[in-house]
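Okay, here's the structure, questions in a sec.
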Amino acid sequence: MAKRVYLFGKDITEGNGSQRNLLGGKGAGLAEMAKRGFNVPPGFTITTDVCAEYYANKRKMPAGLDAEVKKAIAVLEKRTKKQFGGDKNPLLVAVRSGARESMPGMMDTILNLGLNEATVEALKAKSNNGRFAYDSYRRFIQMYSGVVLHIERLNENEHDPFEVIIAEARNKRGVLHDNQLPEEDLKAIIEKFKKLVLEKTGKHFPNDPYKQLEGAIGAVFASWMNERAILYRRKYKIPEEWGTAVNVQAMVFGNLGDSSGTGVAFTRNPANGENEFYGEFLVNAQGEDVVAGIRTPLKISAMATTPNLGHCHKELCEVRKQLEKEFGDVQDFEFTIEDGKLYILQTRNGKRTARAYVKISHDMVKQNLMSPEHAIASVEPESIEQLLAPVFHKEAYQKAINEKNLLTKGLPAGPGAATGTLAFTAEKAERWATHGPVVLARVETSPEDLRGMLAASGIVTAKGGVSSHAAVVARQMGKVCVVGASDIDINYSTGILTCGDKTIKEGEFISINGSTGEVLSGKIDTAPSELIQVLIDKTMNPKDSELFADYDFIMKLADKYRKLGIRTNADQPEQAINAVAFGAEGIGLCRTEHMFFKGDRIDYVREMIIFAPEYAEYKAKLASRPGDAVLLENEYHISIHHFNHALKELLPIQQADFEGLFTAMGDRPVTVRYLDPPLHEFLPSSKDQIDELARKLNVDFARVSQTVSSLQETNPMLGHRGCRLGIVYPEISEMQSRALFRAALAVAAKSKKTPKPEIMIPLVGFEREFELQLEIVHRVAKEEFAAAKRTLEYKVGTMIEIPRAAITAEQIAKHAEFFSFGTNDLTQTTLGMSRDDAGHFLPFYEKNAGIIKTNPFATLDQIGVGKLMEIAVQGGRKTRPNIKLGICGEHGGDPSSIEFCNDLGLSYVSCSPFRVPVARIAAAKSAVKASMAAKATVAVKTIAKKTAKRR
Ligand code: ADP
Ligand code: MG
Ligand code: MG
């Protein structure tokens with residue numbers, strides 16, 4: 001049978017710091033500290049496996065555990081020279097929970113266990129301090145009754161019944177603090193406590209220390225399933241299977257008088273990373289008094305001048321140094337001083353803000369205190385985005401909160417703070433933005449809002465989730481964005497935004513925080529992040545920014561470790577330049593249709609679309625009746641004219657756009673995806689807009705409106721889109737190819753750089769589809785190279801975004817030089833869930849039914865979609881061993897999806913420009929994790945080999 005109980009303490013420690021899974025974080029930390037000579041009160045850890053047994057056993061202690069616990073207690077008795085339940089020198093213990101990851105305040109701890117009517121008297125005699133003994137007893141009954149006997153307040157409006165009793169006593173005595181109550185008052189309180197227990201449970205408070213211990217251990221296991229813990233796990237994605245360990249440890253007393261105390265400290269400042277001792281303590285106090293906020297604690301530095309404790313301050317400073325040296329990271333630790341003697345009760349890697357993370361890692365790596373691998377492995381990649389966000393000025397924000405200007409909270413979709421005048425339409429946003437910042441508010445956004453979104457400083461929508469159009473585009477632009485603020489009502493016709501009883505009119509100020517989802521009325525001043533000032537705005541000298549120095553150090557370190565290339569999704573030169581400043585090594589996805597919306601070019605796009613169907617009809621007829629060429633040309637001359645005219649106008653416009661991108665990217669690869677969305681997305685829908693377009697094109701209203709309705713599709717996302725457009729209208733692919741090659745040639749001629757175009761055909765499902773498009777690309781390339789009298793290298797590849805493409809990857813790779821996983825569509829088509837409609841049921845799937853753990857449109861469904869990716873990777877490599885593989889869906893910026901891509905051996909991930917730093921560091925972290933795991937496997941294999949040899 002596996003070992004269930006692990007001892008720790010000077011010279012007897014059985015576990016170690018690497019056994020977090022088995023001993024929990026606290027138990028592992030205690031074991032490691034004891035091994036390394038820190039003064040840890042002795043004790044033992046009951047493993048997380050026992051927790052699993054407890055639940056498998058319908059919440060009962062596994063047989064035999066009590067005997068093991070008794071044995072461990074006997075060891076403790078020997079070491080401390082005290083007796084559990086003894087009436088001379090009683091041993092008291094703390095019973096402490098401790099999961100793999102710390103879950104602060106989520107589970108329960110019980111102190112002073114072992115006290116009863118007899119042992120409390122012994123404690124009093126031994127310490128010669130009755131107040132201390134009865135204070136400890138009072139605390140024990142209170143904690144035990146809450147945690148084990150569940151005597152708690154019934155709801156939030158009620159007071160804790162034990163605190164009520166204590167408050168009465170304080171009032172009667174006329175004192176403010178519990179520690180001012182004399183022994184006799186404490187005794188009276190204890191009597192009342194016991195009466196309350198009898199009333200509430202019908203049983204006497206347990207006197208037998210072993211009974212107490214059994215109850216406490218069970219309660220710690222049970223607390224793993226309390227409501228708080230469950231909620232916390234859900235929020236931080238901690239698996240339920242982990243369970244908690246239980247630590248039973250000899251008590252040390254911080255409440256023994258003025259030469260005692262207790263405290264918590266960080267070895268460095270966890271908010272800003274400064275190398276300063278950061279913590280608090282209380283004199284003559286126990287356990288959680290420090291965090292409970294009953295008395296105001298003192299700063300650690302004040303201990304140096306506190307009577308009786310000056311020497312402990314010195315010792316603590318030594319411990320601080322030692323902990324960092326031994327554990328190789330910032331430590332968050334707990335200590336207690338008993339009668340002038342310092343004990344360390346807990347240590348763990350300190351949680352820190354992103355700002356502190358970069359500073360601490362930079363400093364500690366340079367000081368040789370932290371390994372570079374650990375610096376990378378310990379990052380929360382997601383948090384790096386915090387460093388880029390503009391922020392509200394602190395005082396201005398506080399003022400707004402005080403004035404009750406907080407309207408509601410939506411979903412945080414683009415981090416940072418924005419403040420500006422409220423505008424409901426793209427047109428107004430664009431116009432007003434020339435006078436000052438604007439916040440665009442829409443019920444939801446569509447591609448037509450793009451220019452408004454570009455102009456606005458912030459975007460807020462009433463509908464939509466974290467992968468809605470607004471959220472996706474905002475992330476790509478690095479815009480502050482809040483989506484799904486469902487409490488607000490946006491009335492386009494009255495120009496009034498309502499939230500509860502508050503209203504804001506268009507033109508008035510509104511403020512949003514895309515890191516928290518907050519929406520506030522009024523103006524709150526903001527400031528851009530220093531990183532943006534250095535890298536993007538270039539308004540700050542890198543030398544003047546400490547944040548930049550720290551960030552740059554970590555990013556360069558990350559680049560050393562990562563295996564994945566990092567590209568960006570960008571379709572504007574400015575986005576590309578920004579991405580490069582953040583470290584992008586190429587463009588992984590340029591969505592050409594985004595270029596179609598700029599300025600008045602949309603008119604040509606519309607002209608092309610309106611006449612495309614008839615033009616296609618003309619070509620079909622011509623193919624079957626070549627003899628009637630003149631006749632057909634006459635019959636269709638209007639459509640032929642308009643369709644060709646539109647393409648002719650679009651060609652130089654697209655070319656100029658591509659030139660901009662190639663210029664911005666220089667020698668770096670630029671992947672251009674050909675036209676993808678269904679055509680109706682580009683067309684107007686309202687009667688007025690159709691009327692206007694008809695007039696512009698000089699044709700009847702009926703003709704335009706007919707085309708508009710004929711292009712409507714029931715399932716446009718599965719309709720005539722992607723390469724299917726280029727198959728039916730090859731002229732469009734031809735125009736795009738020509739624009740692209742001309743642009744690349746022009747940039748090559750003008751600059752010393754050699755553009756590296758990579759043409760990407762979307763939504764391929766059949767080998768033949770790809771072949772047909774490939775023919776066009778090659779033909780146009782040949783023509784343009786001949787005209788320019790030079791050639792350029794280029795690649796043609798495809799998106800893998802429908803299951804058929806993944807399954808037939810082996811065939812498609814005969815023609816395609818690269819694959820890029822379009823995981824947005826691949827998720828849609830694999831799950832048969834529309835990204836736009838899934839919001840109706842996905843939240844239920846996630847929260848209520850527990851069918852999925854996370855939104856598959858945000859975090860890759862590795863089991864399903866990931867399987868298809870694996871199949872495609874294998875198929876592609878079989879035909880073309882060195883095929884280049886990338887990912888360009890939204891998942892390309894998601895750390896856990898990036899890890900999957902790293903392990904799959906992809907060549908690069910592509911994400912929006914402002915996600916590039918996150919992707920860079922996430923890629924590095926995955927690589928470090930993978931190499932650590934590989935090393936561990938090698939170690940296991942070596943051991944296995946050695947044992948095999950011995951046999
Ligand atoms: P949490 O996980 O909530 O931090 P802990 O198990 O660390 O819970 O216990 C909370 C507090 O109880 C500690 O900060 C410490 O002050 C006190 N405590 C825990 N163990 C002991 C002990 N052996 N002796 C004295 N105080 C203890
Ligand atoms: Mg603790
Ligand atoms: Mg797609």
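Remember, it's a predicted structure, so these values are computed and weren't measured experimentally. Indexing begins at 1, ligand by ligand and atom by atom, following the structure's order.
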>> Checking contacts here: is it the side chain or the backbone of Thr109 that comes within 4.0 Å of ligand 1, counting heavy atoms only? Could be both or neither.
In response: side chain
> With the Mg ion (ligand 2) as the point of reference, which N/O/S atom of Glu334 is the closest?
Replying inline: OE2
> Of the backbone atoms (N, CA, C, O) and the side-chain heavy atoms from C-beta on, which set of Lys26 has a member under 4.0 Å from an atom of ligand 1: side chain, backbone, both, or neither?
Replying inline: side chain
> With a cut-off of 4.0 Å, which atoms of ligand 1 are near a heavy atom of Glu334?
Replying inline: 4 (O), 7 (O), 13 (C), 14 (O)
> Any N/O/S atom, backbone or side chain, of Gln346 lying under 2.8 Å from the Mg ion (ligand 2)?
Replying inline: yes
> Which atoms of ligand 1 sit under 4.0 Å from any heavy atom of Gln346?
Replying inline: 4 (O), 7 (O)
> Of all the atoms in ligand 1, which lie at a distance below 4.0 Å from a heavy atom belonging to Ala94?
Replying inline: 20 (N), 21 (C), 22 (C), 23 (N)
> Any side-chain heavy atom of Asn112 sitting closer than 4.5 Å to one from Met251?
Replying inline: yes
> Any idea which atoms of ligand 1 are less than 4.0 Å away from a heavy-atom of Thr262?
Replying inline: 16 (O)
>> Can you tell me which portion of Leu111 lies within the under-4.0 Å heavy-atom range of ligand 1? Options are side chain, backbone, both, or neither.
In response: side chain
> Is Arg96 in polar range of ligand 1, meaning some N or O pair under 3.5 Å apart?
Replying inline: yes
> Of Lys26, Arg96, Gln346, which is the lone residue that meets side-chain hydrogen bond (donor to acceptor under 3.5 Å, both in side chains) with Gln249?
Replying inline: Arg96
>> Within ligand 1, which atoms have a heavy atom of Met251 less than 4.0 Å away?
In response: 22 (C), 23 (N), 24 (N), 25 (C), 26 (N)
> Side-chain contact, heavy-atom cut-off 4.5 Å: Leu115 with Ser136?
Replying inline: yes
> Looking at side-chain heavy atoms only, is the closest gap between Glu163 and Gln142 below 4.5 Å?
Replying inline: yes
> So is Ala250 in contact with ligand 1, going by heavy-atom distances below 4.0 Å?
Replying inline: yes
>> Less than 4.5 Å apart, side chain to side chain, heavy atoms only: is that true for Thr306 and Val283?
In response: yes
> Checking ring-ring contact (aromatic ring centres under 6.0 Å, His included) for the pair Phe205/Tyr144: CA distance, chi angles, key distance, verdict?
Replying inline: CA-CA 9 Å; Phe205 187 85; Tyr144 193 92; 5.4 Å; yes
> Is the shortest distance from a Lys or Arg side-chain nitrogen in Lys70 or Asp66 to a carboxylate oxygen in the other one below 4.0 Å?
Replying inline: no
>> Under the criterion side chain to side chain donor-acceptor pair (under 3.5 Å), I'd like the reasoning laid out for Tyr134 against Glu121: C-alpha separation, chi angles, the key distance, then a yes or no.
In response: CA-CA 9 Å; Tyr134 281 91; Glu121 276 300 314; 2.5 Å; yes
